[in-house]
Protein chains: 2
Amino acid sequence: MKKLTRAELKNELQNAGIRLSVQRLAIYEFVRMSKAHPTAEVVYEALREELGSLSLTTVYNTLKLYTDAGLILTLNIDDGFLHYDGDTSLHAHFRCSSCGAIHDLAVKSDYSNWFEGSDGFAITEAQLYLKGLCPKCKSCKN
Amino acid sequence: MKKLTRAELKNELQNAGIRLSVQRLAIYEFVRMSKAHPTAEVVYEALREELGSLSLTTVYNTLKLYTDAGLILTLNIDDGFLHYDGDTSLHAHFRCSSCGAIHDLAVKSDYSNWFEGSDGFAITEAQLYLKGLCPKCKSCKN
DNA sequence: TTTATTTTTGTAATCGTTTCATTTTTATTT
DNA sequence: AAATAAAAATGAAACGATTACAAAAATAAA
């Protein structure tokens with residue numbers, strides 16, 4: 001994924017019909033650039049210093065706004081937190097049952113032909129959520 | 001899926017090292033036989049009359065017990081509720097964005113070869129969660 | 001039956017997320 | 001630049017699905 005400039009991120013928001021603010025641009029940049037699938041709390045802690053003032057409510061509201069606009073994904077991982085993903089392209093999420101890290105896995109082909117009896121269904125979004133041990137935890141006990 | 005007798009369900013619990021009770025057997029039978037991916041609340045409402053007395057806490061505790069034992073699956077669907085699935089074999093869950101119903105979809109082959117760069121990962125469980133419109137909602141506006 | 005252990009129960013607590021009214025910022029118009 | 005109207009940010013309070021807890025009831029063994 002190429003690195004986007006702040007001007008390009010600004011354009012993405014405006015093309016989606018979203019009004020700008022200092023908070024919105026910072027939150028969008030953080031989530032779009034992160035590969036760690038952060039929670040709202042993580043976004044909040046990462047930006048509160050940089051922004052001087054920031055409310056957790058703003059983070060939640062903004063992340064929901066972006067999700068509804070299709071700019072990011074909200075992931076329902078089973079650790080009790082909502083996670084946010086700035087990469088909306090088709091990919092799987094692997095959560096290590098040992099360290100809890102969430103890794104991306106690339107999928108090999110279009111998911112529409114992975115299933116039987118899905119003829120009448122119109123699939124618009126897929127969350128492929130795998131569990132197990134990541135390479136690091138598989139090799140050692142940490 | 002063949003219909004299981006109550007004696008067979010009893011055996012499944014005992015083989016998993018789980019002690020029996022009236023509530024446990026009823027909850028297990030309901031979730032194992034249901035294809036509707038019920039929430040804890042649904043299980044509770046369905047069984048409270050039949051059992052005379054039943055606590056929602058018992059339902060939650062028991063469903064967690066079965067999940068930890070690998071007898072059922074806990075699904076993290078994004079409607080704010082945990083859903084439970086008595087079918088632990090590999091299959092995808094399709095949630096209709098119109099009516100909210102959760103349908104099962106059969107998958108065509110083992111999921112381990114659907115992904116690239118997953119060589120070092122030990123995949124033990126997969127939740128394939130798809131969204132879109134089910135055939136009923138696709139054809140009409142309900 | 002007696003006993004020890006486990007399970008059920010109902011209430012209270014938890015905590016991630018949302019609601020709400022107010023203040024502040026934004027973008028447009030004078 | 002200043003004034004204005006609309007939208008966004010804020011933080012306290014509410015929400016609600018799930019969990020923790022201690023007491024009561026049921027289970028299984030002797």
Side-chain angles (χ1 to χ4, degrees), chain A residues 10-11 13-31 37-69 71-84 100 102, chain B residues 10-11 13-31 37-69 71-84 100 102:
Chain A
K10 230 174 182 172
N11 273 337
L13 290 179
Q14 289 179 317
N15 291 342
I18 290 173
R19 286 170 54 122
L20 294 178
S21 76
V22 177
Q23 292 87 345
R24 286 186 170 181
L25 190 55
I27 292 169
Y28 190 57
E29 181 179 29
F30 185 84
V31 174
H37 311 87
T39 63
E41 185 71 31
V42 168
V43 175
Y44 173 67
E45 290 299 337
L47 297 178
R48 63 185 307 183
E49 288 182 35
E50 175 186 332
L51 292 179
S53 108
L54 178 63
S55 167
L56 186 54
T57 300
T58 299
V59 176
Y60 275 109
N61 289 342
T62 304
L63 292 172
K64 173 174 272 188
L65 177 74
Y66 295 161
T67 299
D68 292 342
L71 294 171
I72 66 173
L73 293 178
T74 299
L75 309 181
N76 298 275
I77 305 298
D78 66 353
D79 61 354
F81 301 87
L82 294 176
H83 292 256
Y84 299 91
I102 301 170
Chain B
K10 230 175 183 172
N11 272 338
L13 290 179
Q14 289 179 318
N15 290 343
I18 289 173
R19 285 169 54 119
L20 294 179
S21 76
V22 177
Q23 293 86 345
R24 285 186 171 181
L25 190 55
I27 292 169
Y28 191 56
E29 182 179 29
F30 185 85
V31 174
H37 312 86
T39 63
E41 184 71 30
V42 168
V43 175
Y44 173 67
E45 290 298 338
L47 297 178
R48 61 186 306 184
E49 289 183 34
E50 175 186 333
L51 293 178
S53 108
L54 178 64
S55 167
L56 186 55
T57 301
T58 299
V59 176
Y60 274 110
N61 289 343
T62 305
L63 291 172
K64 173 174 272 185
L65 177 74
Y66 295 161
T67 299
D68 292 343
L71 295 171
I72 67 173
L73 293 178
T74 299
L75 309 180
N76 300 274
I77 306 298
D78 65 352
D79 61 356
F81 302 88
L82 294 177
H83 292 256
Y84 300 90
I102 301 170

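Everything numeric here is computed off the predicted structure, so don't read it as measured data.
Taken over five-pair windows at either terminus, the axes of the helix from dT1(C)-dA30(D) to dT30(C)-dA1(D) are inclined to one another by 30° (rounded to 10 degrees).
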> How would nucleotides 13-22 of chain C be written as a contact map, 5' to 3', with B for base contact, S for sugar-phosphate-only contact and - for no contact, using protein heavy atoms under 4.0 Å?
Replying inline: ---SSBB---
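Atom CG of Leu54(B) is separated from atom C1' of dT9(C) by 10 Å (rounded to the nearest Å). Rounded to whole Å, atom C1' of dT23(C) lies 13 Å from atom CD of Gln23(A). Rounded to a whole Å, the CZ atom of Arg48(B) is 12 Å from the C1' atom of dG10(C). Between the C1' atom of dT8(C) and the OH atom of Tyr44(B) lies a distance of 12 Å, rounded to the nearest Å. Between Leu47(B) atom CG and dT8(C) atom C1' the separation is 15 Å, expressed in whole Å.
Applying the side-chain contact (heavy atoms from CB on, under 4.5 Å) test to Asn61(A) and every residue at least two apart in sequence or in another chain returns Thr57(A). Partners of Lys64(B) under the side-chain contact (heavy atoms from CB on, under 4.5 Å) rule, at least two apart in sequence or in another chain, are Asp68(B). With sequence neighbours left out, the side-chain contact (heavy atoms from CB on, under 4.5 Å) criterion links Tyr44(A) to Glu41(A), Arg48(A), Leu54(A), Leu56(A), Val59(A). Take Arg19(A) and apply the salt bridge (Lys or Arg N to Asp or Glu O under 4.0 Å) test, not counting sequence neighbours, and it matches no residue. Among residues two or more places apart in sequence or in another chain, the side-chain hydrogen bond (donor to acceptor under 3.5 Å, both in side chains) test is passed with Ser55(B) by none. Residues that satisfy the salt bridge (Lys or Arg N to Asp or Glu O under 4.0 Å) test with Asp79(A), not counting sequence neighbours, are absent from this structure. Residues passing the ring-ring contact (aromatic ring centres under 6.0 Å, His included) test with His37(B) are His93(B), sequence neighbours excluded. For Tyr28(B), the side-chain hydrogen bond (donor to acceptor under 3.5 Å, both in side chains) partners at least two apart in sequence or on another chain are Glu12(B), Arg32(B).
Base engagement by Thr58(B) is indicated by at least one non-hydrogen atom pair under 4.0 Å involving a base atom.
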Give me, pair by pair, the N or O atoms of the protein and of nucleotides 1-6 of chain C that are less than 3.5 Å apart, along with how far apart they are.
{"residue": "dT6(C)", "atom": "O3'", "partner": "Arg19(B)", "partner atom": "NE", "Å": "3.2"}

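Atom CG of residue Leu63(A) and atom OG1 of residue Thr74(A) lie 7.0 Å apart, to the nearest 0.5 angstrom.
Although no hydrogens or angles enter the test, the distance criterion places a donor-acceptor pair under 3.5 Å between the side chain of Tyr66(A) and the main chain of Arg24(A).
Shown are Leu75(B), Ile77(B), Asn76(B); of these, the side-chain contact (heavy atoms from CB on, under 4.5 Å) with Leu82(B) is made only by Asn76(B).
Taking all atoms of both residues into account, the shortest heavy-atom contact from Leu73(A) to Thr67(A) is C-OG1, 4.4 Å. In plain terms, the two heavy atoms of Ala16(B) and Leu71(B) that are nearest each other are CB-CD1, 4.0 Å.
A 4.0 Å heavy-atom criterion places the boundary nucleotides of DNA chain D facing chain A at dA7(D) to dA12(D), written 5' to 3'.
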